[in-house]
*Asks:* 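Take this structure, written in C-alpha cells, and hold onto it; I'll ask about it next.
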Amino acid sequence: MERAWHRAVASGALPAIPAGTEPPAVEVERPADPAHGDLASNLALRLARPCRRAPLEIAAAIAAELAREIKAARVSEQEPEQDSAQGPEQGPEPGSGPAVNPLAAVEVAPPGFLNLRLADAALEATLERILAEPASWGRVAAAEPRHVNVEFVSANPTGPLHIGNARGAFVGDLLCRVLEAAGHRTTREYYFNDFGAQVRNLGASVLAVRTGAPVPDDGYHGDYVAELAGGLPGDVLEAADAAGDPAWAVGVWASERVRAGIEASLARLGVRFDVWKSEGSLYREGWVEQAVERLAAAGQLYDQDGALWFRSAAFGDDKDRVVRKSNGDFTYFGSDIGYLVEKFSRGFDRLVYIWGADHHGTVARLRNAAEAMGFSKAAVEVLLVAWVRFVREGHEVSMSKRAGEFITLDDLLSEIGADPARWFFGSRGPSSAIDFDIELAKKQSNENPVYYVQYAHARIASILRKAAEADLGPAGRLVGSGLLTGGPEATLARAVVRLPEVVEDAAAAGETQGLTAYATELATTFHAFYRDARVVDPAEPDRSRLRLALVEAARITLANALGLLGISAPASM
RNA sequence: GCGCCCGUAGCUCAGUGGAUAGAGCGUCAGGUUGCGGACCUGAAGGUCGUGGGUUCGAGUCCCGCCGGGCGCGCCA
C-alpha cells in the first residue's frame, strides 16, 4: 500500500506531501461489512488534506498502482502453477510456496476507501501452514521482543484468596499469555508481606483460638483461623513460646501456610508464578537502602518532622511522600522503591503492576520514583483493574478478610468452574467496572458463550473421528485445489486466518476481549459452515479431504484461541 | 473541594477517529429422514447520560454540566 502510494507520487500521478508536514500513517483494517473486501485502507482520505486533492482521485491513483502489481504477480505465478499440475507430490513444502502476491483485487469506494480482496492462493497457503505447524499458529514474532515483569495478585498471606482477588489473577495471567504469544518473554511475579504487623496479628488470632481465648476485635476471624489453630504443631508452639514473641513466631508459621494455600488455589485456576518475592527480602538484601541512596544522590530526598520524604511533587504528584517514618520504620512506599531497584537489576524492559483501581492514588509516586532514580518512567506501567461488584440474589456481597466475611476463590471455582470464570473476566475490559452475580453466573453457566465455542471444537473433533472411520483424512495440499472457489469454504477460511492479527491487537492493548469475541465469531462461522457443507461424504472423497483440512484448521484455531485464554478445548462434551 | 475511572439494547458487556453502532443472555416467530439440536434462520429492541467544540467523518478526541464508583495518611 505504502509502496503503491510512493510509486504514484514518483510517476507524477499524485503530488508529494508538502515538506514539513507529517505524512499520515498507512492504516489497513478489517472492514465490518464483507462487501467492502477483506482489507480496507483510509489512506486516500488521510492524504486528501496535505495533497489538496479529492480523496477519490487519490484513491484511484493508488488503486491503479496496486492493480499493476497484481497483474504482474499473476503472470509470474503461471509457471509454478503448471509445475504443480504435473504432480502434486513434487509441490513445494506446505506454506512455503513462491511468494505470491496476497492481493487479488482492489476497488475504490466512496468517499475514498481502498478495498482489497485477498487471493485464494494466499489463504490456502496459510491453511497449509496451520496444518503443518499447529502449535505455532497464532503465535507471532514481536518487532521488538521485550522481557516483561508482570506483578499481580500480591495479596498478603493473612487469609485465603477471595473472589475480590479473582479479577487481578485472571487479568495478569491473560496479559502474560498474550504477551508470550506475541513474542515477548514474561516473568510472573507475586509480591507479599512477610514481616509486617499483620503477620503478628494473624499469629495472635491463631494463638487465641488455640488457647481458647477470645480473638482480638481487630484480629482475623475466618474459619481458616480455626483450621490453622487446629493444625498448629506442638513443637512450633513450644518454640514460639521459647522465643519470647509467640504471636510473631506463630504468625510466621501461619502466613507461610496461608501462602502455600494461595499458591494451590491459583494453581487450580491455571495461574502459576515464576517468582514469589517477599517484602522482607528487599530489606535483608539491601535493595531499599540502595533505593534511598539513589534518591539521596539525586537530591530528591529531605528530612522533615523526623521523617524522610521523597520530592514526588517535583515530578507532578499532588504532594511529597514519606519514605521512612519518624519512628524509623519504612513505609509501604519505601518497600516499593527498593522493589523497583531490585526489579530493574534483573534486566526487565518493562515492569507491569496490576493493581486494584482503589490504589490509583499511589501510581504517580511509584513512577516518579523510578524517574527520579534514573530509570525509564515509561517502562513502569500500572494497569488498574476496576472494581468487581459481587452480587448474590440482588444483594451486594461485602467482604472483609479480618471479619472473615468473604467468598473464597475456591468456592467460586466449585460453584461455576474455571473455564466460565476465565471467559467471564477475559471477555471484559480490565478497566471497566462490572457486576458479577454469582447466582446468575451459576444459572447461566449452561448458556455461557464459552460452551458455545467449546461445542464448536468438540463438534469438529467428532467430525474428524467420523472421517477416520471412513478412512478419510485431511488433504495436505491446498494451494490451487479450488477449495475456496465458492460457497461456505471461503467464509470459514477467511475467519480462520485472522487469529494472528487478533493476537497482535490483544498484546498491543494488553486486553483479551478481542480474543473472546473472535473465538465466538469463529465458532458461529463454523456452525454456519456445518449447516451448509457436508464434510464427510464417502461418495466425494476428494472434496471430503479438502473440507476436512479446512475444518481441522478451524479446530486448531479454536483450540489455540481458547488455549491463549487458559480455557480447555474438549474433544467431546 | 481536588484528582482518577465509568455512563452504549430489557440485563451483562464489546466497540485501535471511518462505511448501516455489535455480541451473549432474555423476549417473540420459525428450522433437522445426512457428519453432535449445547446447533441454525429471522424479528423486535438504541436521542451511545447531556450541551457545545475539533474533523471530510465523533460512541471514540477537547471543554462544560448531570449521574455513579474510587482515591486524596508518617495505613497497607
Side-chain angles (χ1 to χ4, degrees), chain A residues 27 29 31-33 35-36 40-42 45-46 48-49 54-55 109-113 115 156 158 193 196-198 279 304-309 317-319 321-336 356-364 384-387 389 423-424 427-429 431-437 440-441 443-444 446-456 458-467 469-470 472 504-506 508-509 511 513-514 516-517 520-521 523-524 526-528 530-538 544 547-548 551 572-573:
Chain A
E27 294 171 7
E29 60 171 20
D33 185 344
H36 298 139
S41 176
N42 59 1
L45 290 164
R46 305 198 79 106
R49 176 170 286 267
F113 288 105
N115 292 337
N156 279 337
T158 52
N193 181 306
Q198 296 312 322
E279 190 177 355
Q304 187 182 304
D305 303 330
L308 189 62
W309 296 71
D317 199 356
D318 296 337
K319 54 186 83 165
R321 305 293 175 177
V322 172
V323 172
R324 191 178 56 223
K325 300 184 257 187
S326 54
N327 71 1
D329 290 347
F330 281 92
T331 61
Y332 195 80
F333 177 56
S335 305
D336 280 345
D358 53 341
H359 284 69
H360 70 79
T362 61
V363 173
L384 294 173
V385 176
W387 194 245
R389 210 167 136 261
W423 185 275
F424 181 88
S427 58
R428 284 151 174 82
S431 65
S432 60
I434 51 180
D435 281 2
F436 193 111
D437 189 313
L440 206 60
K443 220 174 347 182
Q444 289 185 346
N446 288 334
E447 310 297 332
N448 195 304
V450 72
Y451 295 117
Y452 177 80
V453 176
Q454 289 179 323
Y455 180 68
R459 215 177 198 185
I460 298 175
S462 169
I463 291 173
L464 291 164
R465 287 192 295 268
K466 267 283 192 310
E469 288 169 20
L472 287 170
E504 263 176 8
D505 288 349
E511 300 181 350
Q513 313 89 284
T516 53
T520 307
E521 239 180 87
T524 299
F526 165 73
H527 285 308
Y530 177 86
R531 177 197 64 215
D532 295 333
R534 178 167 177 149
V535 178
V536 180
D537 183 357
S544 292
R547 286 183 172 171
L548 280 167
V551 152
S572 66
M573 55 192 288

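Computed from a prediction, not measured in an experiment: that's the story for all the values here. In what follows, every chain begins at residue 1, and chains take the letters A, B, ... in the order their sequences are listed.
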*Asks:* Would you say that D336(A) contacts T331(A) through its side chain, given a criterion of any heavy-atom pair below 4.5 Å between the two side chains?
*Replies:*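 No, side chains not in contact.
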*Asks:* Does D358(A) contact rA76(B) through a side-chain donor or acceptor facing the base, at a distance under 3.5 Å?
*Replies:*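 Not at all, since no donor on one side and acceptor on the other fall under 3.5 Å apart.
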*Asks:* Closer than 4.0 Å, any side-chain N/O of R531(A) to the OP1 or OP2 of rC39(B)?
*Replies:* no
*Asks:* Where the side chain of Y455(A) is defined as all heavy atoms beyond and including C-beta, which of rC74(B), rU12(B), rC39(B) is the nearest nucleotide?
*Replies:* rC39(B)
*Asks:* Would one find a side-chain N or O of R321(A) under 4.0 angstrom from OP1 or OP2 of rG73(B)?
*Replies:*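 Checking rG73(B) against R321(A), no side-chain N or O comes under 4.0 Å of OP1 or OP2.
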*Asks:* Any base atoms under 4.0 Å from A509(A), or only sugar-phosphate, or nothing? Heavy atoms, all strands.
*Replies:*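 Since no nucleic acid heavy atom lies under 4.0 Å of A509(A), the category is nothing.
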*Asks:* What distance, rounded to whole Å, do you find between the two C1' atoms, one in rG57(B) and one in rG17(B)?
*Replies:*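 Comparing C1' positions in rG57(B) and rG17(B) gives a spacing of 8 Å.
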*Asks:* May I ask you to say what S462(A) touches in the nucleic acid, namely base, sugar-phosphate or nothing, with a heavy-atom cut-off under 4.0 Å?
*Replies:* base
*Asks:* Please work out if N327(A) contacts a base, only the sugar-phosphate, or nothing of the nucleic acid, heavy-atom cut-off 4.0 Å.
*Replies:* nothing
*Asks:* Under the 5.5 Å and 30° test, is Y452(A) stacked on the base of rA38(B)?
*Replies:* no
*Asks:* How is T516(A) classified with respect to the nucleic acid when contacts are heavy atoms under 4.0 Å: base, sugar-phosphate, or nothing?
*Replies:*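 It contacts nothing in the nucleic acid.
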*Asks:* Do any side-chain nitrogens or oxygens of K319(A) fall under 4.0 Å of OP1 or OP2 in rG3(B)?
*Replies:* no
*Asks:* Are F113(A) and N42(A) side-chain neighbours, meaning at least one heavy-atom pair lies under 4.5 Å?
*Replies:*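 Result yes, sub-4.5 Å side-chain heavy-atom pair found.
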*Asks:* Taking only side-chain N and O atoms of Y332(A), does any of them lie within less than 4.0 angstrom of OP1 or OP2 on rC74(B)?
*Replies:* no
*Asks:* I want to check one thing: is the phosphate of rC13(B), taken as OP1 and OP2, less than 4.0 Å away from some side-chain N or O of Q513(A)?
*Replies:* no
*Asks:* Give L308(A) one of three labels, base, sugar-phosphate or nothing, depending on what nucleic acid heavy atoms sit under 4.0 Å from its own.
*Replies:* nothing
*Asks:* Compare side-chain N and O positions of K466(A) against OP1 and OP2 of rG36(B) and report whether any pair is under 4.0 Å apart.
*Replies:*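 Checking K466(A) against rG36(B): at least one side-chain N or O falls below 4.0 Å of OP1 or OP2.
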*Asks:* Pick the closest RNA chain B nucleotide for R428(A) and for V322(A) by heavy atoms, then say which residue is nearer the 5' end.
*Replies:*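 Result: R428(A).
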*Asks:* Watson-Crick or G-U wobble partner for rC61(B), using a 3.5 Å limit on both distances?
*Replies:* rG53(B)
*Asks:* Considering only side-chain heavy atoms of R465(A), which listed nucleotide, rG18(B), rG36(B), rA76(B), is closest?
*Replies:*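 Nearest nucleotide to the side chain: rG36(B).
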*Asks:* Output the rounded distance in Å from CZ (R389(A)) to C1' (rC11(B)).
*Replies:*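 About 13 Å, once rounded to whole Å.
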*Asks:* With rounding to the closest Å, how many angstrom separate the P atoms on rA38(B) and rC62(B)?
*Replies:* 48 Å
*Asks:* Looking across every strand, which nucleic acid part, if any, lies under 4.0 Å from A533(A) by heavy atom: base, sugar-phosphate, or nothing?
*Replies:* base
*Asks:* Return the pairing partner of rG37(B) with a 3.5 Å limit on both distances, Watson-Crick or G-U wobble; otherwise return none.
*Replies:*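 Result: none.
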*Asks:* Expressed as a whole number of Å, how far does the P atom of rC63(B) sit from that of rG10(B)?
*Replies:* 30 Å
*Asks:* Between rU32(B) and rG46(B), how far apart are the two P atoms, rounded to whole Å?
*Replies:* 32 Å
*Asks:* If the P atom of rA19(B) is compared with that of rG64(B), how far apart are they to the nearest Å?
*Replies:*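 Straight-line distance between the two P atoms is 29 Å.
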*Asks:* Base, sugar-phosphate, or nothing: which does H527(A) touch, judged by heavy atoms less than 4.0 Å apart?
*Replies:* sugar-phosphate
*Asks:* Looking at every strand, decide which applies to Q304(A) at a 4.0 Å heavy-atom threshold: base, sugar-phosphate, or nothing.
*Replies:* base
*Asks:* Write down the distance separating the P atoms in rA23(B) and rG30(B), rounded off to the nearest Å.
*Replies:*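 Comparing P positions in rA23(B) and rG30(B) gives a spacing of 23 Å.
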*Asks:* rA76(B), rG36(B), rG71(B): which one has an atom nearest the side-chain heavy atoms of K325(A)?
*Replies:* rA76(B)
*Asks:* Find the distance F333(A):CZ to rC74(B):C1' and express it as a whole number of Å.
*Replies:* 13 Å
*Asks:* Would you mind telling me which of rC35(B), rC74(B), rA76(B) lies closest to the side-chain atoms of D305(A)?
*Replies:*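 Ranking rC35(B), rC74(B), rA76(B) by closest atom to the D305(A) side chain puts rC74(B) first.
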*Asks:* Using a 4.0 Å heavy-atom cut-off, does G356(A) contact any base of the nucleic acid, only the sugar-phosphate backbone, or nothing at all?
*Replies:* nothing
*Asks:* Rounding to the closest angstrom, what is the interatomic distance between rC6(B) and rG15(B) at atom P?
*Replies:*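 rC6(B) and rG15(B) have their P atoms separated by 11 Å.
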*Asks:* Assign N115(A) to base, sugar-phosphate, or nothing according to its heavy-atom contacts below 4.0 angstrom with the strands shown.
*Replies:* base
*Asks:* Between rU27(B) and rA9(B), how far is it from one C1' atom to the other, in whole Å?
*Replies:*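 The same atom, C1', in both gives a distance of 12 Å.
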*Asks:* Regarding A458(A), tell me which of base, sugar-phosphate or nothing describes its non-hydrogen contacts under 4.0 Å with the strands shown.
*Replies:*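 Result for A458(A) = base.
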*Asks:* Closer than 4.0 Å, any side-chain N/O of Y530(A) to the OP1 or OP2 of rA38(B)?
*Replies:*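 No.
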*Asks:* Contact between V453(A) and W423(A) at the side-chain level, heavy atoms closer than 4.5 Å - yes or no?
*Replies:*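 Contact flag for V453(A)/W423(A) side chains = yes.
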